[in-house]
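Okay, so here's the structure we're looking at.
All ligand and atom numbering here is 1-based and tracks the order in the structure.
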Amino acid sequence: MTRFDLVVAGGTVIDPASGLEDRRDVGISDGRIAAIEPHLSGGDAASVIDATGRYVVPGLVDLHVHVYPGVADLSVAPDPTCLGRGVTTAVDAGSVGANTWPGFRRWIVDPSRTRVLAFLNISLLGQVDTHLGELHDLRFADPERAVKVAVANPDAIVGFKVRLSGTLAGDNGLEGLRRGVWAGRATGLPVMSHIGGTRFDIEAALALMGSRDIVTHAFTGWNPGGIVSDAGRVLPGALDARARGVRFDVGHGAGSFSWATAEAALADGFLPDTISTDLHRFNIASPVGDLATTMSKFLHLGLPLPQVIAMTTSAPASSLGVPGRGLGRLEVGGEADLTVLAIEEERRDLLDALGVARTVDRHLVPTAVVRAGREVAIEPRVTEPPAGISPG
Ligand SMILES: [Zn+2]
């Protein structure tokens with residue numbers, strides 16, 4: 001009779017929530033972490049993952065993805081692109097709205113092996129079309145119906161999403177955000193606002209946001225509407241927002257991460273709170289790839305590995321505020337979600353969303369992933385843009 005179903009052996013555990021950074025074996029039984037010890041006997045385990053020379057971290061959390069294929073036309077399927085690339089918890093950021101929620105619950109949240117959560121779009125439609133935005137007609141922005149759906153799904157809906165860009169909202173971005181904030185305050189959930197290319201002063205939007213609300217696309221090069229001025233300084237309104245508890249998320253995307261903006265913000269002392277991909281079918285082959293590649297960009301920008309791990313585990317978990325799941329941390333008794341990462345040392349150009357390259361010499365790569373105690377196969381990185389399910 002073995003003590004453990006699985007032991008992840010020989011790796012360096014980095015668990016930012018507890019501060020542990022040391023060589024440990026992790027024993028797993030019945031889907032939960034049963035032991036984190038300097039040495040567990042492989043003979044006590046039904047199976048072993050050899051993590052020698054690698055990093056064992058809490059299951060990665062990607063705070064911004066799009067995973068509603070067949071409905072939100074930019075989407076990718078969550079299991080191969082998230083879980084298969086080391087992300088055990090993926091948070092859909094606005095692909096789904098109140099009207100399209102039942103299908104998302106039934107066909108995405110419930111059957112996926114990835115733990116899928118969602119920021120519900122304040123528009124009833126969600127993001128059904130890539131080019132025709134969901135806020136051009138404000139009649140779709142119905143906060144009362146969004147609140148009703150969120151209250152009925154507290155295990156899966158973790159906040160509300162509003163996209164503020166002029167191309168997606170016309171002149172309605174600020175009013176859409178007001179309605180999102182109203183829904184957030186009515187439920188105690190955060191609002192995630194998508195910035196870049198706004199038709200109004202971005203500081204007016206930041207002023208509406210409060211503690212635990214999230215700005216995504218924090219390092220967009222798409223101005224006006226970014227948080228870094230043309231002079232390379234972080235706007236006073238962004239500093240004030242951070243002081244009030246607003247969080248700043250990367251949301252790399254196809255148009256929303258600029259090396260130059262990130263370099264300017266970091267030089268100004270302004271780090272992101274969370275690193276996320278905004279993964280969808282128009283960026284998965286390039287420039288995003290996966291969360292580990294996005295993390296590698298922040299290693300290149302000079303952040304230490306434990307801080308990059310914190311920004312993709314404990315920090316996004318605290319933004320989610322879903323109680324009782326042990327998300328984003330490794331603890332005995334908690335659900336056994338963990339990711340094994342290797343660092344490949346090789347000079348490779350990585351592009352930002354503007355097509356600008358930086359030569360990066362350390363690349364994080366997922367080599368094993370465990371979700372709820374079971375090892376899941378790592379999938380190859382997508383290198384060709386996937387076709388959409390929707391026509392066009
Ligand atoms: Zn997005």
Side-chain angles (χ1 to χ4, degrees), residues 61-69 71-78 81-82 87 89-97 100 104 108 114 116-123 125-135 141 157-169 173 176-177 180 190-198 205 213-222 225-227 247-258 261 272-291 293-294 312 316 319-320 352-354 382 385-386 388 390:
V61 180
D62 193 337
L63 200 59
H64 186 159
V65 301
H66 293 281
V67 290
Y68 197 1
V71 176
D73 73 343
L74 76 173
S75 296
V76 290
T81 66
C82 297
V87 170
T89 298
V91 190
D92 188 282
S95 308
V96 54
T100 50
F104 190 77
I108 305 293
T114 315
V116 178
L117 305 172
F119 290 101
L120 191 71
N121 203 306
I122 198 63
S123 167
L125 305 174
Q127 297 176 203
V128 294
D129 189 83
T130 301
H131 306 290
L132 180 58
E134 65 276 8
L135 286 180
I157 294 176
V158 295
F160 300 94
K161 174 79 184 294
V162 186
R163 297 201 295 175
L164 308 182
S165 307
T167 52
L168 304 166
L177 179 57
V191 178
M192 175 184 270
S193 67
H194 151 135
I195 65 166
T198 47
D213 289 338
I214 300 162
V215 171
T216 192
H217 309 319
F219 300 142
T220 181
W222 189 19
I227 63 162
R247 299 176 185 194
F248 289 81
D249 175 60
V250 171
H252 186 306
S256 304
F257 172 79
S258 150
T261 304
D273 293 288
T274 51
I275 297 172
S276 69
T277 59
D278 188 16
L279 194 71
H280 57 64
R281 73 183 170 96
F282 302 110
N283 64 39
I284 189 168
S286 178
V288 170
D290 57 14
L291 183 58
T293 303
T294 309
T312 47
S319 282
L320 297 173
D352 69 7
L354 305 173
V382 172
S390 315

Original post:
Mind counting the protein N, O or S atoms sitting less than 2.8 Å from the Zn ion (ligand 1)?
Top reply: 3

Original post:
With no hydrogens and no angle check, is any side-chain donor or acceptor of Y68 less than 3.5 Å from a backbone partner on I108?
Top reply: no

All N/O donor-acceptor pairs, side-chain side in residues 191-198, below 3.5 Å, sequence neighbours left out:
from : atom 1 : to   : atom 2 : distance (Å)
H194 : ND1    : H217 : NE2    : 2.9
H194 : NE2    : S165 : OG     : 2.9
T198 : OG1    : F200 : O      : 3.3

Original post:
Partners of S95 by side chain to side chain donor-acceptor pair (under 3.5 Å), sequence neighbours excluded?
Top reply: H66, D92

Original post:
Can you name the salt bridge (Lys or Arg N to Asp or Glu O under 4.0 Å) partners of D352, sequence neighbours left out?
Top reply: none

Original post:
Is the closest side-chain heavy-atom distance between P190 and D213 below 4.5 Å?
Top reply: yes

**OP:** Check the side chains of T216 and H64 for a donor-acceptor pair under 3.5 angstrom, ignoring hydrogens and angles.
**Re:** yes

